[in-house]
Amino acid sequence: MTDIVEKLYMTGDLSDNELKALIETDDEAAAKLLRERADEVRRKSYGKKVFLRGLIEVSSYCKNDCLYCGIRRSNKDADRYRLSREQIMSCAESGYELGFRTFVMQGGEDSAFTDDFMCGVISELREKYPDCAITLSLGERSFESYKRMKDAGADRYLLRHEAADGELYKKLHPAEMSLENRKNCLFQLRELGYQVGAGFMVGAPYQTTDSLIADLRFLQELKPQMIGIGPFVPHHCTPFADENGGTLGLTLRLLGILRLMFPKVLLPATTALGTIAPNGRELGLQTGCNVVMPNLSPVNVRKKYDLYDNKICTGEEAAECRMCLQRRIEAAGYEVAVERGDCVI
Ligand code: 5AD
Ligand code: FES
């Protein structure tokens with residue numbers, strides 16, 4: 001198995017059969033080598049730097065009904081909120097003081113967040129923080145909407161493709177959503193000049209090794225600057241409440257594979273990874289990750305952005321998370337970079 005890791009390290013790619021073997025292996029020597037090679041490759045491009053993204057969860061209203069997600073529209077128990085422009089600006093202000101140079105506005109697909117509203121917020125952020133990157137993660141919108149927000153000053157867009165295997169996509173989403181539309185959005189964002197992020201959940205219900213290989217092949221086609229993956233974590237008010245979650249081992253294997261396939265990509269150690277294991281994010285950093293996205297949302301809404309059960313960092317003030325992360329990043333052998341942290345591609 002270690003020879004497959006070395007081949008991936010040397011060539012940046014593998015055949016489907018080799019990928020299948022590596023994704024499914026429980027060989028400890030392979031896991032260790034994958035971690036070492038992934039770390040070597042991330043250090044070649046990014047040194048010890050870890051970029052921080054200040055995550056502002058702008059709305060928990062969502063018109064979609066994805067079966068895995070706690071803020072799906074059918075979850076009548078969800079306690080919903082949306083932030084005002086003033087609240088978003090105040091999150092950004094405290095974030096800037098804490099050293100964040102990227103703000104990520106993420107939310108459900110909330111029709112109250114019109115293009116006019118979003119462009120107003122984006123222009124104000126752009127003017128007040130010319131040295132910061134503005135990232136959006138607001139789901140599927142029209143080409144025109146993506147264009148207006150880009151023109152207003154947005155730099156990056158995160159839209160996980162969720163599942164590149166069409167059959168799996170259908171099992172995870174309601175009939176009115178389509179993989180084709182999701183992919184179109186991603187290609188449109190790229191065409192508009194956004195730095196684009198795609199990604200998927202690891203260990204989602206019905207996911208097979210072949211579906212994970214389809215995800216990797218789709219990413220090779222899209223060539224995104226950012227790739228977000230994390231374990232699936234069940235939420236008790238969804239149809240997947242009783243399903244198993246994704247495991248730490250499989251998530252780390254995929255992170256290592258992604259780092260070797262995409263040497264320069266921006267790869268976050270996600271909150272979901274930190275949720276399934278106390279040192280999950282640290283292990284992610286040691287397996288090729290170079291980004292963390294701590295929460296800047298007001299503490300009184302944190303628990304309401306409830307995508308999955310037991311989400312970490314929902315009680316801490318932004319400053320506490322910032323300091324906690326600094327300690328964790330340094331203890332794992334890396335350092336916090338106070339900069340925009342653009343992709344070096
Ligand atoms: N477990 C893990 N990740 C989830 N997401 C949504 N629901 C869950 C869940 N139950 C992820 C999706 C989405 C991102 C914002 O959060 O991949 O794109
Ligand atoms: Fe949020 Fe540790 S990162 S409390």
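All ligand and atom numbering here is 1-based and tracks the order in the structure.
Taking every heavy atom of Cys69 and a limit of under 4.0 angstrom, the matching atoms of ligand 1 come to 7 (N). For ligand 1 and Phe232, the ligand atoms under 4.0 Å from any heavy atom of the residue are 1 (N), 2 (C), 10 (N).
Of all protein heavy atoms, the one closest to atom 1 (N) of ligand 1 is Val233 N, 3.0 Å. Taking atom 7 (N) of ligand 1 as the reference point, the nearest protein heavy-atom neighbour is Tyr68 CD1, 3.4 Å. Nearest protein neighbour of atom 3 (N) of ligand 1, counting heavy atoms only, is Met201 SD, 3.4 Å. In this structure, atom 16 (O) of ligand 1 lies nearest to the protein heavy atom Leu307 CD1, 3.5 Å. Protein heavy atom nearest atom 2 (C) of ligand 1, with residue, atom name and distance: Pro231 O, 3.3 Å. In terms of protein heavy atoms, atom 18 (O) of ligand 1 is closest to Glu162 OE2, 2.5 Å.
Between Phe232 and Tyr68, the gap from one ring centroid to the other reaches at least 6.0 Å. Aromatic pair His161/Phe218: centroids less than 6.0 angstrom apart.
Under the ring-ring contact (aromatic ring centres under 6.0 Å, His included) criterion, the residue pairs touching residues 101-130 are Tyr96-Tyr129, Phe103-Tyr129, Phe113-Phe117, with sequence neighbours excluded.
By the criterion of a heavy-atom distance under 4.0 Å, the side chain of Arg160, and not its backbone, is placed next to ligand 1.
Tested against Arg37, the residues Leu8, Leu260, Thr287, Thr2 include a single side-chain contact (heavy atoms from CB on, under 4.5 Å) partner, Leu260. Applying side-chain contact (heavy atoms from CB on, under 4.5 Å) to Ser145 and the options Arg148, Met149, Lys147 leaves one that passes, Met149.
Heavy atoms of other residues, nucleotides or ligands lying less than 6.0 angstrom from NZ of Lys7 number more than 12.
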*Would Gln195 and Asp342 satisfy side-chain hydrogen bond (donor to acceptor under 3.5 Å, both in side chains), going step by step from the backbone distance to the final call?*
CA-CA 9 Å; Gln195 296 168 42; Asp342 287 295; 3.0 Å; yes
